[in-house]
Number of protein chains: 4
Amino acid sequence: MGEAAGTGRKSIGARRNPDSADAILDAAEAVLAEAGYSGFSIEAVARRARAGKPTIYRWWPSKAALLLDVYQRQKRVDVPDTGNLEDDLVGFLKNLFAHWRLTASGNVFRSLIAEAQSDSHAAAALAGYATGRRAHTGQVIERAKARGEVAPEVDAGIVADLIASYAWRHLLTNRLDEDQATLRTAVRYVISGISARRR
Amino acid sequence: MGEAAGTGRKSIGARRNPDSADAILDAAEAVLAEAGYSGFSIEAVARRARAGKPTIYRWWPSKAALLLDVYQRQKRVDVPDTGNLEDDLVGFLKNLFAHWRLTASGNVFRSLIAEAQSDSHAAAALAGYATGRRAHTGQVIERAKARGEVAPEVDAGIVADLIASYAWRHLLTNRLDEDQATLRTAVRYVISGISARRR
Amino acid sequence: MGEAAGTGRKSIGARRNPDSADAILDAAEAVLAEAGYSGFSIEAVARRARAGKPTIYRWWPSKAALLLDVYQRQKRVDVPDTGNLEDDLVGFLKNLFAHWRLTASGNVFRSLIAEAQSDSHAAAALAGYATGRRAHTGQVIERAKARGEVAPEVDAGIVADLIASYAWRHLLTNRLDEDQATLRTAVRYVISGISARRR
Amino acid sequence: MGEAAGTGRKSIGARRNPDSADAILDAAEAVLAEAGYSGFSIEAVARRARAGKPTIYRWWPSKAALLLDVYQRQKRVDVPDTGNLEDDLVGFLKNLFAHWRLTASGNVFRSLIAEAQSDSHAAAALAGYATGRRAHTGQVIERAKARGEVAPEVDAGIVADLIASYAWRHLLTNRLDEDQATLRTAVRYVISGISARRR
DNA sequence: AAATAATCGAGACGGTACGTCGGGTCTTGTC
DNA sequence: GACAAGACCCGACGTACCGTCTCGATTATTT
């Protein structure tokens, strides 16, 4: 996972040292994985990265900014393209939950959301990120629209919102091990509705 | 709102003083309202309530327990019963958002969720609370089922989950001012689906 | 010298814990003795005393205040009373230099003077202390006046100032090992003058 | 006072740029004058001089060395030659105090003494400087000896020491505004003594 | 004329210390 | 035995400087 080079990093002149940046992000991830959000402090990250606190503060103005960078370094979970909307969305949720569960990402993102509740910078950063992701997820809906699977007047953003909300709440309440049938049911409700008239 | 009695509370003998408990809960709510989650500390609550820190720790083992108590003291938002599921759910969301937006409740609940990300006791307490609320919301669905509005095989818990998730995410991302049309659209998707075949 | 009790001090209620105060003063003295003024930091004192920094700041608003307390805890060097002014003053300087040289006091006082050059609180504290000591030394002169050794119109404060100044400069320039003959000569100049007419 | 050239100094090739040296010494003096010793940092000097820190460290190995250079750039206070020892010495003290009080020199020298208490290089530099000055002041005594005013066996160094010590202590305890009568009295004690027999 | 070498400003680096805040524990004296 | 009060140790906060390093640019000296 990298750890800091044992022999000590130095400045490489009047510009950012990418080794330090990497070491700090690695350390942040490791601290979060080992000590959780409650043990996640700039102090601890600096210690682990063998970096000075000012170096961290220089590049990441807040804990949230650091968390966001850590999160964004992770591999993205992308939405499958099976030609069928339900499968796409179920697959996406399945992949996302697995990613969150099996890597540090889940904890990172949970922490980021928590941080955003007390830090407006974090809130802004998270909002920006969420918007981007919503557009991304929205594309699946648009694809389905193009295939004629989804009614053309449907607002893809709202649908993406419903799906993302469902994912967030599972993350925040430790339900990432939800069984696939339940996920599929939830997705199906959104796609087909629950109305008696229409089923 | 209560504030602490200016002249100082004393012990009332070898049992819990309910005035102190009230003063502490009042203070907690006030601190949260004025300083937000980031300014919410046991220290600040004690100061404001003119209470000793040990008095707080004696009765509430963690910040989360205190938050939960504060939240549960609040008036509940209940689901309207209009005879129409869509109106019921939209009304519920509307009321809930207004409640969260206009009282301290929103901040309290946000804080509770945030706290639950670093404190397993908080997480457990929140999970318990959420389960209770899910059942509560689920009843609306069951009523609609009874009216024949909703297909009988529908899992009310999952629907309640979708609705609650949507609400949570709006709370956590500062979107409690969502316009009503959007809420109605989201609810309609869950009820009627987005599939082209069925609209 | 005390060191901190290994098992940890606790609060003894809502009042100052004298054990902590002692441990902190002991630690301050030890740090100064071992690391000198440049290594003398509140941080280091806290570490050594196993005390929290806030505990130190609670009772000593500045490094200078702590230094002053440490210095005043030391045994005082008093002026001998031999019945002869020259012997009294030479004896005083000899004792003072030995005291400064052989105990931590010299370093403490040096540090205090240094600190006073950048901290006005320290300067005020030092000025107050110096005034007290000047009166003290002045008494030797007054005794000599009473014996008829010293002219009655002589300003004892100014004489004390000359002597103290001489001592300070030796302290500040690492000349505490000045040989006794030189001290005696200096004292003799002040008592008998250097004028050709009068010797 | 110079300030740094607004448009930026550059290297003038493979040798020391005297403009930079001047700018740094000017800046050091200005910082000391405006912020005092506590605000005197290499960082602040570099900022003010628009110089790189390594440029400072290249030429002055320590804060003390820089201070010493700043001090030595100042105009010297010389001892008057009135043909009368008392007037010479009183005049010297008067001039010295005025110089210290009215220019940055007083602060510079105070700082230098303070610095010498924690930095052995500074101590050595200061000792060297003091020795030089002592010889200088000693010449006044020697002149008086030559005139027959002072007994031939008197050690001019010790007398100079007494006078310089008196000056130092006034500097270090913020008493540069001492009235002239007091100075004269102190000088007179050293010259004529305080003994009853001889007055 | 080209290559070398030392200097310059700039500013990042790993660190240490600053002075403050809050956490959770403890004890005292009053009710 | 509960209460207000507040001290205790601890650890994190975000900032200021420390002294070192490396850069790219500049320019006098050497080839």
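- In this structure, the CD atom of Glu115(A) is 12 Å from the C1' atom of dC13(F), given to the nearest Å.
- When the nucleotides dA17(E), dC18(F), dG22(E) are ranked by their closest atom to the side chain of Ser41(C), dA17(E) comes out on top.
- For Arg15(A) and dA10(E), the shortest distance from a side-chain N or O to OP1 or OP2 is not below 4.0 Å.
- Picking from dC18(E), dT22(F), dT27(E) the nucleotide with the shortest atom distance to the side chain of Pro54(D) gives dT22(F).
- If you take CG of Asp22(D) and C1' of dC8(E), they are 15 Å apart, rounded to a whole angstrom.
- To the nearest angstrom, C1' of dG9(E) lies 18 Å from CZ of Arg48(D).
- Comparing dT15(F), dG23(E), dA5(F) against the side chain of Tyr57(A) picks out dT15(F) as the nearest.
- Rounded to an integer number of Å, the gap from CD of Glu43(B) to P of dC9(F) is 16 Å.
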Begin with the C-alpha distance, continue with both residues' side-chain angles, and end with the deciding distance and a verdict on side chain to side chain contact (heavy atoms under 4.5 Å, CB included) for Ile24(D) and Trp59(D).
CA-CA 10 Å; Ile24(D) 288 165; Trp59(D) 303 113; 5.7 Å; no
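- Taking only distance into account, the side chain of Lys53(A) never meets the base of dG14(E) through a donor-acceptor pair shorter than 3.5 Å.
- Mapping Ile24(D) and Ser62(B) onto DNA chain E by nearest heavy atom places Ile24(D) closer to the 5' end of the strand.
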If you apply the rule side chain to side chain donor-acceptor pair (under 3.5 Å), what do you find for Gln72(D) with Tyr129(D), and how did you get there?
CA-CA 9 Å; Gln72(D) 288 183 328; Tyr129(D) 177 79; over 6 Å; no
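- The distance from atom CG of Asp19(A) to atom P of dC21(F) is 17 Å, rounded to the nearest whole Å.
- Between Gly39(A) and Arg16(C), the residue whose closest nucleotide on DNA chain F is further toward the 5' end is Arg16(C).
- Set against dC21(F), dG11(F), dC8(F), the side chain of Ser20(C) has dC8(F) as its closest nucleotide.
- Note: NZ (Lys10(C)) to C1' (dG6(F)) measures 16 Å, nearest angstrom.
- Between Arg58(C) and dC8(F), a side-chain N or O to OP1/OP2 separation shorter than 4.0 Å is present.
- The phosphate of dC8(E) (OP1 or OP2) has a side-chain N or O of Trp59(D) nearer than 4.0 angstrom.
- Look at Arg9(D) and you'll find a side-chain N or O under 4.0 angstrom from OP1 or OP2 of dG9(E).
- Distance Ile56(D) CD1 to dC18(F) P: 9 Å, rounded to the nearest Å.
- Expressed to the nearest 0.5 Å, how far CG of Leu67(C) lies from CG of Leu25(C) amounts to 10.5 Å.
- A salt bridge links Asp26(B) with Arg73(B): the closest approach of a Lys/Arg side-chain nitrogen to an acidic carboxylate oxygen falls below 4.0 angstrom.
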Verdict with supporting geometry, Leu66(D) and Ile42(D), side chain to side chain contact (heavy atoms under 4.5 Å, CB included):
CA-CA 9 Å; Leu66(D) 182 52; Ile42(D) 298 290; 4.3 Å; yes
Yes or no on side chain to side chain contact (heavy atoms under 4.5 Å, CB included) for Arg110(B) and Asn174(B), after CA distance, side-chain angles and deciding distance?
CA-CA 10 Å; Arg110(B) 271 158 49 105; Asn174(B) 286 309; 3.2 Å; yes
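- Using a 4.0 Å cut-off, some side-chain N or O of Thr55(C) falls inside it from OP1 or OP2 of dC9(F).
- Applying the 4.0 Å criterion to OP1 and OP2 of dA12(F), one finds that Arg47(A) has a side-chain N or O inside that range.
- Atom CG in Asn17(C) sits about 7 Å away from atom P in dC9(F), given to the nearest Å.
- Residues Ala51(A) and Phe40(C) each lie close to DNA chain E; by heavy-atom proximity, the contact nearer the 5' end of the strand is made by Ala51(A).
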